[in-house]
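For reference, the structure is listed below as structure tokens.
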Amino acid sequence: MPRAFYDQVKDGGLLLIVLKVKGGGDTLFLLEKVCDHFESREALPCAFLALTGKHALEDRDPIALEEVPEWTSLSRSVVGRRRFWWGMGSASQAFLPRTVGFRGFLGIAEPAAFGVFRRKPRSPGPGSAVEGFGLWGEQRTSLALASQDDFITTYGSEPIGIRFWRHLEQWFSLGMPDLSCFRLHAYPIDAAPPAPSTGWVTRQSASEFHWMIDG
């Protein structure tokens with residue numbers, strides 16, 4: 001959300017924004033201006049093109065694991081592997097829609113550690129699709145990776161895998177929400193908003209988002 005939105009929209013004014021989940025998945029939020037910030041009034045899944053130019057989010061697209069320096073050693077250090085089914089369907093075609101709810105939740109709960117990954121194509125042609133998503137451990141010395149073959153694999157050390165599963169259990173306990181189930185308050189990044197008593201906080205270049213859900 002560009003900083004100008006906070007300055008140009010009057011108190012009580014309405015604003016439609018699209019928030020994107022890493023790896024694919026959009027949510028349309030209807031926000032109302034309340035004093036110096038915005039509060040969500042409605043939300044629903046949608047599909048929009050991404051912003052370009054100075055407001056583009058460069059870290060939203062999947063990264064190739066082969067281009068991550070730590071992957072060479074991590075890939076040889078599997079410490080855990082558990083089957084987990086995201087739902088019926090072709091893994092290559094349905095992985096994104098089947099995982100969008102939990103990916104959105106991880107992006108809120110662990111914005112710094114959350115990543116989405118792809119493999120380089122083995123032959124010339126269009127780039128490969130998203131293959132997995134997960135959480136990095138500190139300094140990328142470990143990785144918990146949920147892949148489209150319906151496995152969750154832990155590389156490097158077990159704690160990151162345990163952390164991933166705890167987030168999955170918490171998401172289950174909340175009713176498996178996607179982003180449209182959350183209430184959202186958005187503040188300009190240079191404001192001093194009150195700390196939320198529950199929920200999560202994420203920050204971007206111009207905004208601080210407070211995410212809350214009943215549960």
Response to the item:
Closest non-hydrogen atoms of Trp86 and Ala146, given as atom of the first, atom of the second and distance, are CZ2-CB, 4.0 Å

Discussion item. As an exercise, state the distance from CD1 of Ile63 to NZ of Lys22, rounded to the nearest 0.5 Å.
Written reply: 8.0 Å

Worksheet item: Applying the 4.5 Å side-chain criterion to the ILVMFWY set and letting contacts propagate, would Ile108 and Val201 be lumped into a single cluster?
Response: no

Worksheet item: Hey, what do you get for CG (Leu44) to CG (Leu179), rounding to the nearest 0.5 Å?
Response: 12.0 Å

Practice prompt. Return the minimal non-hydrogen interatomic distance between Leu30 and Leu14, and the atom names on each side.
Written response: CD1-CB, 4.0 Å

Item to complete: Hey, can you tell me if Phe84 and Phe172 have their rings parallel, tilted or perpendicular (30° and 60° cut-offs)?
Response: parallel

Worksheet item: How close do Thr202 and Pro111 get, heavy atom to heavy atom, and via which atoms?
Response: CG2-CG, 4.0 Å

Practice prompt. Hey, can you tell me if Phe95 and Phe133 have their rings parallel, tilted or perpendicular (30° and 60° cut-offs)?
Written response: tilted

Worksheet item: Looking at CG of Leu65 and CZ of Arg118, how far apart are the two atoms once the value is rounded to the nearest 0.5 Å?
Response: 9.5 Å

Worksheet item: Are Ile189 and Leu19 connected, step by step, through hydrophobic side chains (Ile, Leu, Val, Met, Phe, Trp, Tyr) whose heavy atoms are closer than 4.5 Å?
Response: no

Item to complete: Could you give me the CA-CA distance, side-chain angles and deciding distance for Phe102 and Phe164, then say whether ring-ring contact (aromatic ring centres under 6.0 Å, His included) is met?
Response: CA-CA 11 Å; Phe102 185 54; Phe164 184 96; 5.5 Å; yes

Discussion item. Please verify the inter-ring angle class for Trp211 with Phe29; under 30° counts as parallel, over 60° as perpendicular, anything in between as tilted.
Written reply: perpendicular

Practice prompt. Answer whether the closest heavy-atom distance between the side chains of Trp136 and Ser142 falls below 4.5 Å.
Written response: no

Worksheet item: If we only count heavy atoms from C-beta on, is the Gln8 to Phe5 side-chain gap below 4.5 Å?
Response: no

Discussion item. Please determine whether side-chain contact (heavy atoms from CB on, under 4.5 Å) holds for the pair Met176 and Leu168, giving the CA-CA distance in whole Å, both sets of side-chain angles, and the decisive distance to 0.1 Å.
Written reply: CA-CA 9 Å; Met176 298 187 293; Leu168 192 58; over 6 Å; no

Discussion item. Using a 6.0 Å cut-off, check whether atom CZ of Arg166 has over 12 heavy atoms from anything other than its own residue.
Written reply: no

Worksheet item: Taking atom types as modelled, is there a side-chain donor on Ser40 or Arg183 under 3.5 Å from an acceptor on the other?
Response: no

Worksheet entry | Minimum heavy-atom distance Met1-Ala206, with the two atoms named | O-CB, 3.2 Å

Item to complete: Indicate, with yes or no, if the rings of Phe38 and Phe209 have centres closer together than 6.0 Å.
Response: no

Worksheet item: Which heavy atom of Glu158 sits nearest a heavy atom of Val79, and at what distance?
Response: N-CG2, 4.0 Å

Discussion item. Determine whether a donor-acceptor pair (N or O, by modelled atom type, separation under 3.5 Å) exists between the side chain of Arg103 and the backbone of Val116.
Written reply: no

Worksheet item: What's the verdict on side-chain contact (heavy atoms from CB on, under 4.5 Å) for Cys181 and Ile213, showing C-alpha distance, side-chain angles and the deciding distance?
Response: CA-CA 7 Å; Cys181 301; Ile213 192 167; 4.2 Å; yes

Discussion item. For the CD atom on Gln170, are there more than 12 heavy atoms of other groups (residues, nucleotides or ligands in this structure) within a distance under 6.0 Å?
Written reply: yes

Discussion item. Quick check on the hydrophobic clustering: are Trp165 and Leu106 connected, directly or via other members, by side-chain heavy-atom contacts under 4.5 Å?
Written reply: yes

Worksheet item: In terms of side-chain geometry, is the basic nitrogen of Arg83 or Asp149 positioned less than 4.0 Å from the acidic oxygen of its partner?
Response: no

Discussion item. If you take the centroid of each ring, where Trp contributes its six-membered ring, are Tyr155 and Trp71 closer together than 6.0 Å?
Written reply: yes

Worksheet item: Between CD1 of Ile162 and NE2 of His167, what distance do you get to the nearest 0.5 Å?
Response: 12.5 Å

Item to complete: Test Cys46 against Val18 for side-chain contact (heavy atoms from CB on, under 4.5 Å), laying out the working first.
Response: CA-CA 8 Å; Cys46 65; Val18 177; 4.1 Å; yes

Discussion item. Using a strict threshold of under 4.0 Å (side-chain N to carboxylate O), is an ion pair present between Lys33 and Asp11?
Written reply: no

Worksheet, complete the sentence: Glu70 meets the side chain to side chain contact (heavy atoms under 4.5 Å, CB included) criterion, sequence neighbours left out, with Val68, Leu74, Arg140

Fill in: Aromatic contact, Tyr187 with His210 (centres under 6.0 Å)
yes

Response to the item:
Tested for side chain to side chain contact (heavy atoms under 4.5 Å, CB included) against Thr154, the lone hit among Ile160, Leu135, Val78, Leu145 is Ile160

Worksheet item: Just how far is it from atom OG1 of Thr99 to atom CG of Asp178, taken to the nearest 0.5 Å?
Response: 12.0 Å

Item to complete: Report the distance from atom CG of Asp26 to atom OG of Ser180, rounding to the nearest 0.5 Å.
Response: 12.0 Å

Worksheet entry | Between His37 and Glu39: side-chain donor-acceptor atoms closer than 3.5 Å | yes

Worksheet item: Side chain of Ser207, backbone of Gln204: donor and acceptor closer than 3.5 Å?
Response: no

Discussion item. Quick check: Phe105 with Trp200 (ring centres under 6.0 Å apart)?
Written reply: yes

